[in-house]
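Worksheet: one structure, shown below.
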Amino acid sequence: MADLDLDSSFIPALYKPAALLPITKHRESLLYLIETHPVTIVVGQTGSGKTTQIPQFLEKAGWCAGGKIIAVTQPRRVAATTVALRVAEEIGCEIGKEVGYSIRFEDVTSASTRIKFLTDGLLIREALVDPLLSRYSVIMVDEAHERSISSDILLGLLKKIRKRRPELRIVVSSATLQADQFLRFFTEDGGYEGPPGGDAGAIGSIISLEGRTYPIDVLYLASPAEDYVEKAVSTVFDIHTTEPKGDILVFLTGREVIDSAIEAVSERVSRLPPKSQALLPLPLYAGLSTEQQMYVFDEAPENTRKVIFSTNISEASVTINGIVYVVDCGFVKLRTYDPKTGIETLTATPVSKASAAQRAGRAGRTQPGKCFRLYTEDAFQSLPEANVPEIQRSNLAPFILQLKALGIDNVLRFDFLTPPPAELMVKALELLYSLGALDEYAKLTRPLGMRMAELAVEPMMAKALLSAPGFGCLSEVLTIAAMTSLGGNVWVQHDGEKRKTESSKRKFAAEEGDHLTLLNVYQAFVTKGRKESRFCRDNSLNFKALTRAVSIRTQLKRYLERFGVIVDESLTAPPAENKAEQIRRCLTTGYFAHAARMQPDGTFRNVSGDTVLHAHPSSLMFNRRADWVIFHEVFDTGSKIFVRDISKIEKNWLLQYAPDFYQTKSG
DNA sequence: GAGCACTGC
């Protein structure tokens, strides 16, 4: 979602004068706790004003003396920018002066900045340059209960930094009651290093701030629903025909069920009695183009009720004004990485109690609301309190690499809030070793491993990028790295334009596969599409995503230049005859572990032959012949295992560029 | 002939 400025402008709490916020009366006790304890856990409900007020209290209390900065981290870019704008407005300063923000591609801070909002991932990156984060007197980790990998790792780093910087103040803010866990983490001794933790009460403390939301009636089903899509649709009609005005937000799991729910509503709308209030169904998921997403923010026409069928994007990332009714199907799609196969599985899983509460809360932002849970109260009681943290179900290779670059050699003993399973750690170490980022003692190699850690792309692509000068195709691989970072959002499909999308895809298609096709798309975009607004629309391309690719490419290029690598962008030099081959060879140096061979039936088999892979329908190879290929990504949707962003290679390249990897595999 | 939840550097 791009336009999260929309988000902030719709949060009514932000427009309440600060003096009226419940947090104001806790000012003195908050400042006392932070003054006297290195770690303060703030349990603040929605609307408590913690994010905007705490940094201002601290600044006024003198925590910026000596030029020190107060940092507030956010899990998302939009939150960092909108909250910074709000605080700048409250203080009455220009954004970027006393109050600023810093997110990837946008550093709106200056020498006079005293309060800085930034994403947690970016603060981790700052630690590469300044390992003790010495510019900051206070670091507030906001939304820590969401348990993103970055905020988990940041908390681990802060615990370590605290031992060297006793004057540093850490504030952890959480919307739910995981406060004890956070406090215990900071007060328990990490084990092998440093003196014992001492008196827990002296180190940390918890403070609770009441929030300000409207009451929400929660209703459950008397008996379980057989089909939650059908049940969601009938519940929407029940609300529409019996409840007072107010828009409806329905949480479903994914694009497919959302589209079918919308179809079902559209069909049934015609059966509503004439002259009754109209019902307007709208989809909301990340894969929609910006214009398609905008409709949900428009006010419904006269005498019309909006019903928005959304993925989890509405749970925390996007806020829609005017929602009075929430329908919660009780499921969410969660990604889990299997370290045995290296495959990510995306499956619908029952939500946690914390998620269910968050979803219900979407109904009470502007007036009292109702939440209809499409499951029984017993089922609710049996839900887990919170989701399994991301760090326990992800491919950890990028993060292990980052920790190594931060000088944390023994990653197995890093103080994680919740340690990831050993298999995930071992798998990440094996991959990094096979790419040459780690040596046989698991130490970061230099310069290769260090440079891979600094590049903001995943390790396989980082390896390919750093190999590219040797193949004479750095400019092209830079583009491919930027384009694959978009994660399949290059194309958009407008309603009823399936064939148009397919034909424009064919226009850019390269015989050698998806990577070269992405290169063609990018080159067409920078020559025509950036100026001509019709270009993207006419070619079913995602303007916002391609613009982002330009930024990513620029940033990656800057990193490489900092390493002393010269990027030759001269268009005058005729492309080498075998350029396409050099590019595919270069990609193989990073993606050799993602290799497969096409079978006579058109499916693929991985190298060990035990897994059947299917070309994703978005890939060129979906309906073309190939022999050996490498691919960017593999994921299991429950029905099939798909590979995406596929290019043809030669089998002997695998042995040429990854001899150790394939010798070990074959014993 | 048929389809990925959401973030982030």
Side-chain angles (χ1 to χ4, degrees), chain A residues 1 4 73-80 102-107 118-128 143 146-154 251-259 284-288 310-318 329 331-336 343-349 351 355 387 390 393-394 398-399 401-402 405 452-459 461-462 481-482 485-489 491 493 498 501-502 548 551-552 555-556 558-559 601-603 614-619 621-624 633-645:
Chain A
M1 276 302 286
L4 290 186
T73 73
Q74 294 292 327
R76 283 170 291 277
R77 294 161 54 91
V78 213
S102 193
I103 57 177
R104 187 181 185 184
F105 309 132
E106 255 183 281
D107 181 15
L118 72 172
T119 48
D120 30 35
L122 201 57
L123 188 59
I124 295 174
R125 229 152 236 282
E126 281 191 12
L128 282 174
E143 316 288 2
E146 287 188 15
R147 303 294 310 272
S148 71
I149 296 187
S150 295
S151 84
D152 267 22
I153 286 181
L154 183 58
F251 284 98
L252 292 177
T253 52
R255 177 187 198 135
E256 201 179 344
V257 287
I258 287 172
D259 289 344
L284 181 61
Y285 42 83
L288 293 173
S310 171
T311 60
N312 228 27
I313 193 170
S314 301
E315 197 178 293
S317 308
V318 172
C329 77
F331 289 88
V332 62
K333 274 191 187 171
L334 275 189
R335 187 157 70 181
T336 312
I343 296 171
E344 286 180 330
T345 304
L346 202 58
T347 37
T349 315
V351 292
S355 269
N387 287 332
E390 215 184 343
R393 51 184 170 85
S394 301
F399 303 95
L401 189 59
Q402 222 167 12
M452 283 174 62
E454 288 184 50
L455 286 169
V457 285
E458 51 172 315
M461 188 56 86
S485 297
L486 302 177
N489 289 318
W491 306 91
Q493 198 165 295
K498 202 170 183 171
T501 309
E502 292 305 316
R548 189 177 159 75
S551 302
I552 296 173
Q555 191 193 39
L556 293 174
R558 228 180 8 242
Y559 274 117
D601 66 357
T603 65
H614 298 259
H616 190 269
S618 65
S619 170
M621 293 303 161
F622 181 66
N623 49 17
R624 292 186 192 211
E633 220 179 354
V634 51
F635 53 86
D636 182 352
T637 59
S639 56
K640 280 177 188 165
I641 303 171
F642 290 105
V643 289
R644 189 170 66 183
D645 292 340

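Within every chain, numbering begins at 1; the chains are lettered A, B, ... in the order of the sequence lines, protein sequences first and strands thereafter.
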TODO: Choose from B/dG8, B/dG3, B/dA5 the nucleotide whose nearest atom is closest to any side-chain atom of A/Arg76.
DONE: B/dG8
- [ ] Could you state the atom-to-atom distance from CD of A/Glu146 to P of B/dG8 in whole Å?
- [x] 11 Å
Open item on the list: Using the side-chain heavy atoms of A/Arg255, tell me which of these nucleotides is nearest: B/dA5, B/dT7, B/dC9.
Closed with: B/dA5
Open item on the list: With a 4.0 Å limit, can you tell me whether A/Arg335 has a side-chain N or O closer than that to the phosphate oxygens OP1/OP2 of B/dT7?
Closed with: no
- [ ] Verify, without hydrogens or angle tests, whether A/Arg255 (side chain) and A/Tyr285 (backbone) share a donor-acceptor contact under 3.5 angstrom.
- [x] no
Task: Minimum-distance nucleotide to A/Pro617 side chain [options: B/dT7, B/dA5, B/dG3] - done: B/dG3
- [ ] Would you indicate what A/Leu334 reaches in the nucleic acid, counting non-hydrogen atoms under 4.0 angstrom: base, sugar-phosphate, or nothing?
- [x] nothing
Open item on the list: Can you measure A/Phe642 atom CZ to B/dA5 atom C1' for me and round it to whole angstrom units?
Closed with: 16 Å
TODO: Take atom OH of A/Tyr285 and atom C1' of B/dT7, then tell me their distance rounded to the nearest Å.
DONE: 19 Å
Task: Residue closer to the 5' end of DNA chain B, A/Gly254 versus A/Gln402 (nearest nucleotide) - done: A/Gly254
Task: Whether A/Thr349 side chain and A/Thr347 backbone form a donor-acceptor pair below 3.5 Å - done: yes
Task: Spacing of A/Ile258 atom CD1 relative to B/dA5 atom P, expressed in whole Å - done: 8 Å
- [ ] Indicate, with a heavy-atom threshold strictly under 4.0 Å, whether A/Thr637 touches base, sugar-phosphate, or nothing.
- [x] sugar-phosphate
Task: Along DNA chain B (nearest heavy atom to each residue), the more 5'-positioned of A/Lys498 and A/Gly287 - done: A/Lys498
Open item on the list: Students often get this wrong, so: under 4.0 angstrom with heavy atoms, is A/Phe622 touching a base, only sugar-phosphate, or nothing?
Closed with: base
Task: Side-chain heavy atoms of A/Leu118 within contact of A/Glu126, under 4.5 Å - done: yes
- [ ] Looking only at side-chain atoms of A/Lys640, point me to the closest of B/dA2, B/dC9, B/dA5.
- [x] B/dA2
- [ ] Grab the NE2-C1' distance between A/His614 and B/dG3 for me, whole Å please.
- [x] 13 Å
Open item on the list: In this structure, how many angstroms lie between the P atom of B/dG8 and the CD atom of A/Glu390, rounded?
Closed with: 11 Å
Open item on the list: So A/Ser150 and A/Ile124, do their side chains get closer than 4.5 Å, heavy atoms only?
Closed with: yes
- [ ] Determine the contact category for A/Asn623: base if any of its heavy atoms lies under 4.0 Å from a base atom, sugar-phosphate if only primed atoms, P, OP1 or OP2 are that close, otherwise nothing.
- [x] base
TODO: Return the value, rounded to whole Å, for the distance between atom CG of A/Leu346 and atom P of B/dT7.
DONE: 13 Å
Open item on the list: Between P on B/dC9 and CD on A/Glu126, what's the gap in Å once rounded to a whole number?
Closed with: 12 Å
Task: Donor-acceptor contact present, side-chain A/Arg147 to main-chain A/Glu390, <3.5 Å - done: no
Task: Presence of A/Thr119 side-chain N/O under 4.0 Å of B/dC9 phosphate oxygens OP1/OP2 - done: yes
Open item on the list: For a quick check of understanding: with a heavy-atom distance under 4.0 Å over all strands, which category does A/Thr311 fall into, base, sugar-phosphate or nothing?
Closed with: sugar-phosphate
TODO: Quick one: sort the A/Phe642 and A/Phe635 rings into parallel, tilted or perpendicular, breaks at 30° and 60°.
DONE: tilted
